[in-house]
Amino acid sequence: MRFSIEDIQNKLRKNLKGSRFIHTLGVEYTSVCLAMKYEEDLEKAELAGLLHDCAKELPEKKMIKICRNHGEKISKMEFEQPFLLHGKAGACIAKDKFGIEDEVILNAIRYHTTGRPAMTLLEKIVFVADYIEPNRKKADRLPELRRLAFENLDETVLQILEQTLDYLEKTGKQIDRHTMITRDYYKKLLRSSE
Ligand code: DGI
Ligand code: FE
Ligand code: FE
């Protein structure tokens with residue numbers, strides 16, 4: 001069963017707290033804007049943006065259970081910090097509850113927190129939209145990153161990863177190796193000639 005965008009919005013409106021729902025809509029339309037710029041399928045971008053955080057508010061135990069039931073690998077780090085699983089769990093829910101079968105959409109949801117090396121265009125769009133959407137207020141250099149996102153998507157991915165790692169280091173948070181591996185990949189891709 002495929003749901004319309006409006007059906008999905010209505011379900012999420014009921015299930016997410018207000019600020020999370022507003023963020024979700026921000027990622028939805030920012031993903032569509034980036035899809036226009038980079039010629040990605042608009043509907044895929046809209047669905048991926050809309051559903052990217054659909055598992056974010058589930059109890060941690062439930063996230064682990066959903067991932068287990070779907071055969072998703074759970075690393076030691078993800079066991080210790082289950083919020084890192086909300087992308088994987090979100091992809092499972094998008095499939096089961098919202099009828100999304102397209103792996104390109106599911107992967108954009110799955111990898112939106114840490115990213116991964118050689119992301120697809122849709123993965124990069126959702127990763128960047130999540131960070132720059134207009135309701136985000138706290139990150140540094142947002143005006144600059146918002147402009148850059150429409151000029152050079154890979155460079156924006158790299159700068160977001162560097163800024164995120166900087167923040168995690170400064171606040172003493174544990175760093176998932178995938179965040180680092182993704183940063184290293186984009187650094188090599190973009191800075192290797194320097
Ligand atoms: O779900 P959102 O808050 O909209 O955004 P998100 O899924 O990108 O999650 C953002 C948070 O994830 C942000 O506070 C940084 C954090 N994060 C990203 N990579 C790592 C990480 N947190 C830890 N502990 N380790 C990581 O490697
Ligand atoms: Fe998220
Ligand atoms: Fe988000």
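First listed ligand is number 1; within each ligand, the first listed atom is number 1. Scope of the values below: all heavy atoms of this structure, side chains included, with no hydrogens, waters or symmetry mates.
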Taking a cutoff of less than 4.0 Å between a non-hydrogen atom of the residue and any ligand atom, is [X] in contact with ligand 1?
X: Arg20; value: yes
X: Arg136; value: yes
X: His178; value: no
X: Phe83; value: yes

Need the ligand 1 atom indices (1-based, order shown) with element for anything under 4.0 Å from a heavy-atom of [X].
X: His86; answer: 1 (O), 7 (O)
X: His23; answer: 4 (O)
X: Gln81; answer: 24 (N)
X: His112; answer: 7 (O)
X: Asp130; answer: 4 (O), 5 (O), 6 (P), 7 (O), 8 (O)

Using the side-chain contact (heavy atoms from CB on, under 4.5 Å) rule, take Lys37 and Leu153 through it: C-alpha gap first, then chi angles, then the decisive distance, then the call. CA-CA 10 Å; Lys37 163 75 186 170; Leu153 195 61; over 6 Å; no
Rounded to the nearest 0.5 Å, what separates atom CG in Leu85 from atom NZ in Lys88?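 Spacing of CG (Leu85) from NZ (Lys88) equals 6.0 Å.
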Which residue and heavy atom of the protein sit nearest [atom], plus the separation:
atom: atom 3 (O) of ligand 1; answer: Lys56 NZ, 3.1 Å
atom: atom 7 (O) of ligand 1; answer: Thr113 OG1, 2.7 Å
atom: atom 23 (C) of ligand 1; answer: Gln174 O, 3.1 Å
atom: atom 15 (C) of ligand 1; answer: Thr164 CG2, 4.0 Å

Could you tell me whether a side-chain N or O of [X] sits under 3.5 Å from a main-chain N or O of [Y], the two making a donor and an acceptor?
X: Asp166; Y: Gln163; answer: no
X: Asn107; Y: Arg110; answer: no
X: Glu162; Y: Gln159; answer: no
X: His52; Y: Gly49; answer: yes
X: Thr182; Y: Thr114; answer: yes

Between Tyr185 and Leu168, is there shared hydrophobic-cluster membership here, with clusters defined by ILVMFWY side-chain heavy atoms closer than 4.5 Å?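 Different hydrophobic clusters.
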Would you say [X] has any N or O atom under 3.5 Å from an N or O of ligand 1, going by distance alone?
X: Tyr167; value: no
X: Asp176; value: yes
X: Lys173; value: no
X: Thr114; value: no

Check whether any protein heavy atom sits under 4.0 Å from atom 10 (C) of ligand 1.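 For atom 10 (C) of ligand 1 the answer is no, since every protein heavy atom stays at 4.0 Å or beyond.
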Kindly indicate whether atom 26 (C) of ligand 1 is approached by any protein heavy atom to under 4.0 angstrom.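 For atom 26 (C) of ligand 1 the answer is yes, since some protein heavy atom falls inside 4.0 Å.
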Heavy-atom neighbours of Glu39 CD exceed 12 at 6.0 Å: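 Not more than 12 within 6.0 Å, no.
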Surrounding CD of Glu6 (heavy atoms of other residues, nucleotides or ligands, distance under 6.0 Å), is the total greater than 12?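 At most 12 heavy atoms, drawn from other residues, nucleotides or ligands, come within 6.0 Å of this atom.
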Could you name the option among Ile175, Thr171, Thr179, Leu168 that has the heavy atom nearest to atom 17 (N) of ligand 1?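 Heavy atom nearest to atom 17 (N) of ligand 1 belongs to Leu168.
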Is the shortest distance from a Lys or Arg side-chain nitrogen in [X] or [Y] to a carboxylate oxygen in the other one below 4.0 Å?
X: Glu72; Y: Arg68; answer: no
X: Glu133; Y: Arg136; answer: no
X: Arg191; Y: Glu155; answer: yes
X: Lys44; Y: Glu40; answer: no

Keeping to residues at least two apart or across chains, list the salt bridge (Lys or Arg N to Asp or Glu O under 4.0 Å) pairs with something in residues 171-187.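 Residue pairs with at least one partner in residues 171-187: there are none.
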Can you list, by chain and residue number, the protein N, O or S atoms under 2.8 Å from the Fe ion (ligand 3)?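 For the Fe ion (ligand 3), the protein N, O and S atoms that sit under 2.8 Å away are His23 NE2, His52 NE2, Asp53 OD2, Asp130 OD1.
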Please lay out, stage by stage, how Phe98 and Lys11 fare under the test side-chain contact (heavy atoms from CB on, under 4.5 Å). CA-CA 10 Å; Phe98 296 98; Lys11 272 177 191 267; 3.4 Å; yes
